[in-house]
Amino acid sequence: MADVPRELTDLRKLTDEFTRFMLSYKFGIDEVMTKLNILKEEFHHRHDYSPIEHVSSRLKSPESIMEKANRKGCELTLDGIRSELHDIAGIRVTCSFISDTYKVSEMISAQQDVTVLEVRDYIREPKSNGYQSLHMIIEVPVFMSDRVERVKVEVQIRTIAMDFWASLEHKIYYKYHRSVPETLLDELRQAAEAASRLDVKMERLHDEVVALSDVAGADDGVIEPAEIGRSDLPDALVRMLSAARIERS
């Protein structure tokens, strides 16, 4: 059998190293997604409510990684990229209310194997364009077959209104190739302010509803399908069914 050319061997080695590099970030996302889904389900069962409405994730493509590495002027090695780029692995958590964003942040920070490296609060201090979100850079252990990798994951936590605004802003910047007309930027800032006011109002309404729900005997008029046949029937309904049965006999 002919010897494999050194260039091909080196290429295979580099490909394997980069594959493991990308997999480590994919597994980092998996680790954090599992934690968030556990918290969401536990809250739902214990409190009939969860501060987490929706969770999504994304992994930067190799092209996007190289573009940002070049833009930041970081060392073009895997170690250099790993050190300088903190958003290769990203997770977005959507909440209903502003207070929920901080609650989720606290729950993530309380995980024993999570190291919080950085927190940027764009909710209390929005960006100049109106952008609001709570950003966390965390580090989690990923247990590979031959070593443990400490992987950085960026977690963005925002309300539904903030997420809607950010999605629209991203589409507009993409449409105009980041050269957005000033008039449109002004409208975006106004929309961000409107979304912020809506968040504050919805939080207040939510607090009022929660206070009313604490009144004894309060019923929201809804039953889960799985609970059919498990709960006691109201006395009035029992009397009605009994009377109807007597009439038929």
Nearest non-hydrogen partners of [X] and [Y], listed with the distance:
{"X": "S24", "Y": "V142", "answer": "O-CG2, 3.9 Å"}
{"X": "L85", "Y": "C74", "answer": "CD1-SG, 4.1 Å"}
{"X": "K40", "Y": "I52", "answer": "CE-O, 3.5 Å"}
{"X": "A192", "Y": "W165", "answer": "N-NE1, 3.4 Å"}
{"X": "C95", "Y": "V104", "answer": "SG-CG2, 3.9 Å"}
{"X": "I65", "Y": "M22", "answer": "CD1-SD, 3.7 Å"}

Checklist entry - Are a donor atom and an acceptor atom from the side chains of S96 and E53 found within less than 3.5 Å of each other? => result yes
Checklist entry - With distance as the sole criterion, is a donor-acceptor pair present between the side chains of R82 and T77 under 3.5 Å? => result no
Once rounded to the nearest 0.5 Å, what's the spacing between atom [atom1] of [X] and atom [atom2] of [Y]?
{"X": "L198", "Y": "M162", "atom1": "CG", "atom2": "CE", "value": "10.5 Å"}
{"X": "E17", "Y": "K13", "atom1": "CD", "atom2": "NZ", "value": "6.0 Å"}
{"X": "K175", "Y": "L184", "atom1": "NZ", "atom2": "CG", "value": "11.5 Å"}
{"X": "I108", "Y": "L134", "atom1": "CD1", "atom2": "CG", "value": "8.5 Å"}
{"X": "Q156", "Y": "S56", "atom1": "CD", "atom2": "OG", "value": "9.0 Å"}
{"X": "R120", "Y": "E154", "atom1": "CZ", "atom2": "CD", "value": "8.5 Å"}

Checklist entry - Would V140 and R150 count as a side-chain contact (heavy atoms from CB on, under 4.5 Å) if you check the C-alpha gap in whole Å, the side-chain angles of each, and the deciding distance to 0.1 Å? => result CA-CA 6 Å; V140 294; R150 300 291 304 183; 6.0 Å; no
By side chain to side chain donor-acceptor pair (under 3.5 Å) - contacts of [X] (at least two apart):
{"X": "N70", "result": "none"}
{"X": "E41", "result": "none"}
{"X": "K127", "result": "none"}
{"X": "E67", "result": "none"}

Next on the checklist: Do V32 and I29 make a side-chain contact, defined as non-hydrogen atoms from C-beta onward lying under 4.5 Å apart?
Outcome noted: no
Checklist entry - Are E149 and F27 side-chain neighbours, meaning at least one heavy-atom pair lies under 4.5 Å? => result no
Check the surroundings of atom [atom1] in [X]: do more than 12 heavy atoms from other residues, nucleotides or ligands lie under 6.0 Å from it?
{"X": "H170", "atom1": "NE2", "result": "no"}
{"X": "E125", "atom1": "CD", "result": "no"}
{"X": "M202", "atom1": "CE", "result": "no"}

Mind checking whether [X] and [Y] sit in one hydrophobic cluster, side chains of I, L, V, M, F, W, Y counted as touching below 4.5 Å?
{"X": "V119", "Y": "M107", "result": "yes"}
{"X": "L23", "Y": "L78", "result": "yes"}
{"X": "I137", "Y": "V116", "result": "no"}

Quick one: list whatever passes ring-ring contact (aromatic ring centres under 6.0 Å, His included) with [X], sequence neighbours left out.
{"X": "F18", "result": "F21"}
{"X": "Y102", "result": "none"}
{"X": "Y176", "result": "none"}
{"X": "H135", "result": "Y122, Y131"}

Checklist outcome for this item: Only residue of E75, K72, M66 satisfying side chain to side chain contact (heavy atoms under 4.5 Å, CB included) with I81 is M66
What pairs of donor and acceptor atoms, side-chain ones from residues 86-93 against any protein atom, are under 3.5 angstrom apart with sequence neighbours left out?
from, atom 1, to, atom 2, distance (Å)
H86, ND1, K152, NZ, 3.3
D87, OD1, K68, NZ, 3.3
D87, OD2, K68, NZ, 2.7

Next on the checklist: Please evaluate residues Y173 and N129 with respect to the criterion side chain to side chain donor-acceptor pair (under 3.5 Å), reporting the C-alpha separation (whole Å), side-chain torsions for both, the decisive distance (0.1 Å), and the verdict.
Outcome noted: CA-CA 12 Å; Y173 268 79; N129 64 350; 4.7 Å; no
Next on the checklist: Any salt bridge linking R20 with D146? Criterion: basic side-chain nitrogen under 4.0 Å from a carboxylate oxygen.
Outcome noted: yes
Next on the checklist: Under a 4.0 Å threshold between the charged nitrogen and the carboxylate oxygen, would E182 count as salt-bridged to R189?
Outcome noted: yes
Checklist entry - side-chain contact (heavy atoms from CB on, under 4.5 Å) with E203: which residues, sequence neighbours excluded? => result F97, I98, S99, D207
Checklist entry - How would you list all residue pairs meeting side chain to side chain donor-acceptor pair (under 3.5 Å) that involve residues 103-112, not counting sequence neighbours? => result K35-Q111
Next on the checklist: The criterion is salt bridge (charged side-chain N to carboxylate O under 4.0 Å, His left out); which residues satisfy it with D16, sequence neighbours excluded?
Outcome noted: none
Checklist entry - Looking only at atom types and distance, does a side-chain atom of S64 sit under 3.5 Å from a main-chain N or O of K60, one as donor and one as acceptor? => result no
Item to check | N/O donor-acceptor pair under 3.5 Å between N37 side chain and M33 backbone | outcome: yes
